[in-house]
Amino acid sequence: MSLVLYAVAALVILALVFMAAIHLGFKAPRMANQQTPKEYGLAFKSIYVPSHQNTTLSCWWMQAHPSSCVSVIILHGWGANKSTLLPLAKPFLDLGINVLLVDAHNHGDSQTRGTSTMPKFAEDLVSVTEWLKIHQPRQSQTLIVLGHSVGAAATLLAAANTPQADGYIAIASFAHPQLMMQRQLGKLNAVPGLSWVISAYVQWVIGARFDAIAPLTSVSKIVKPVLCIHGTLDQVIPLSDFKLLCQAATPWVHCVEIAGADHDSIDLIEQHFDTIRLFLHNSLGVDYGHI
């Protein structure tokens, strides 16, 4: 074999190793659901919602009592699952709002679907929203979507491009995938051109340009009521991302900071649930005495 062929073979191997490393580095870890609503004293039904990709999404359905015509879909973040957001279920139920907790593809008990991406999270929201409207029409006359972290970014993307719900709540969303990658790549950014190559490949895998799917782009197009919430001590997605989102947002987007909350401070969000309650009342006209 000539030196040229050896060189070509070496480049091919390096390219394959490079692509495998990127896929491994960005692969969402699958974590089992550690709890069910039963541990919170909540009655629930396990539901498997068919997606547009002929796979199923594992969900927990909790119906408010008395019967309600308002429902919220709750979506977790990267590497998490529906059990991680269980603390938010009871406050909604206490308001008389039905709850549907969702495992995204490749997470919790849902089926596998290739490489997880934020747009795929948004597609999962569309599948679940459509299913709920068809199969629980009485309970979804008013529909809210809540997402956390990557789920929040997907919530904003869905609100901008497929606004099937009446209102949206995004907790701890990042501002732009490029900013996320710069933070994740760290020292690799010092290698000239490497960040650009990785970004280009990731965009090819996703099938969309970062600018097209960025929450910064989404919030500039939204025409449905949206509440963006961010903790002031978030070390995963800094408060600067939140400020960028709020600066770019349309008047439909309301921004609220939670003092002392970090990225996973769902307990503090629960403590400040009046913020969500007021948003639903003022922006969607949800009357808690008649839902």
Side-chain angles (χ1 to χ4, degrees), residues 26 72-78 104 116-130 142-184 195-196 198-200 202-232 234 236-258 261 263 269 275-276 278-285:
F26 286 94
V72 60
I73 298 168
I74 301 178
L75 180 64
H76 58 80
W78 194 264
S116 291
T117 65
M118 186 269 281
K120 286 183 180 178
F121 269 62
E123 290 171 7
D124 292 346
L125 280 176
V126 171
S127 295
V128 173
T129 301
E130 291 180 354
T142 298
L143 198 54
I144 308 145
V145 171
L146 181 151
H148 175 252
S149 192
V150 170
T155 294
L156 294 174
L157 185 63
N161 295 344
T162 50
Q164 298 171 318
D166 300 286
Y168 297 84
I169 302 169
I171 301 175
S173 173
F174 60 86
H176 198 288
Q178 194 68 53
L179 292 175
M180 283 288 291
M181 289 196 62
Q182 288 171 1
R183 290 192 287 264
Q184 291 175 347
S195 179
W196 182 89
I198 294 175
S199 294
V202 171
Q203 289 174 91
W204 178 77
V205 171
I206 292 174
R209 302 291 298 173
F210 284 160
D211 286 342
I213 63 171
L216 270 175
T217 303
S218 297
V219 295
S220 69
K221 302 190 300 182
I222 284 172
V223 292
K224 286 287 187 77
V226 172
L227 174 64
C228 285
I229 301 174
H230 211 98
T232 59
D234 195 327
V236 177
I237 300 173
L239 195 62
S240 56
D241 273 35
F242 175 71
K243 293 185 181 297
L244 287 173
L245 286 176
C246 297
Q247 290 168 6
T250 69
W252 291 88
V253 179
H254 306 267
C255 295
V256 175
E257 297 178 16
I258 301 296
H263 190 68
I269 303 298
T275 297
I276 293 176
L278 288 172
F279 164 73
L280 297 178
H281 178 73
N282 296 335
S283 298
L284 300 180

Return yes if some donor-acceptor pair links the side-chain N/O of Lys221 with the main-chain N/O of Asn161 below 3.5 Å, else return no.
-> no

By ring-ring contact (aromatic ring centres under 6.0 Å, His included), Phe242 pairs with (sequence neighbours left out) His230

Least distance between heavy atoms, Ile222 atom then Trp252 atom = O-CD1, 3.5 Å

Ala158 and Tyr168 have their tightest heavy-atom pair at O-OH, 4.2 Å

Heavy-atom pair of closest approach, residues Val253 and Val219 = CG2-O, 4.3 Å

Check whether any side-chain N or O of Ser283 sits under 3.5 Å from a backbone N or O of Pro225 as a donor-acceptor pair, and report yes or no.
-> no

For residues 239-249, pull every pair meeting salt bridge (Lys or Arg N to Asp or Glu O under 4.0 Å), keeping only residues two or more places apart or in separate chains.
-> Arg183-Asp241, Lys243-Glu257

Side chain Thr155, main chain Ala170, donor-acceptor under 3.5 Å | no

Provide the closest heavy-atom pair for Ala208 versus Ile213 in the form atom of the first, atom of the second, distance.
-> CB-CG2, 3.7 Å

So, the side chain of Asp124 versus the backbone of Ala104: is there a donor-acceptor pair under 3.5 Å, distance only?
-> no

Which heavy atom of Ala248 sits nearest a heavy atom of Leu216, and at what distance?
-> CB-CD2, 3.7 Å

Which residues pass the ring-ring contact (aromatic ring centres under 6.0 Å, His included) test with His176, sequence neighbours left out?
-> none

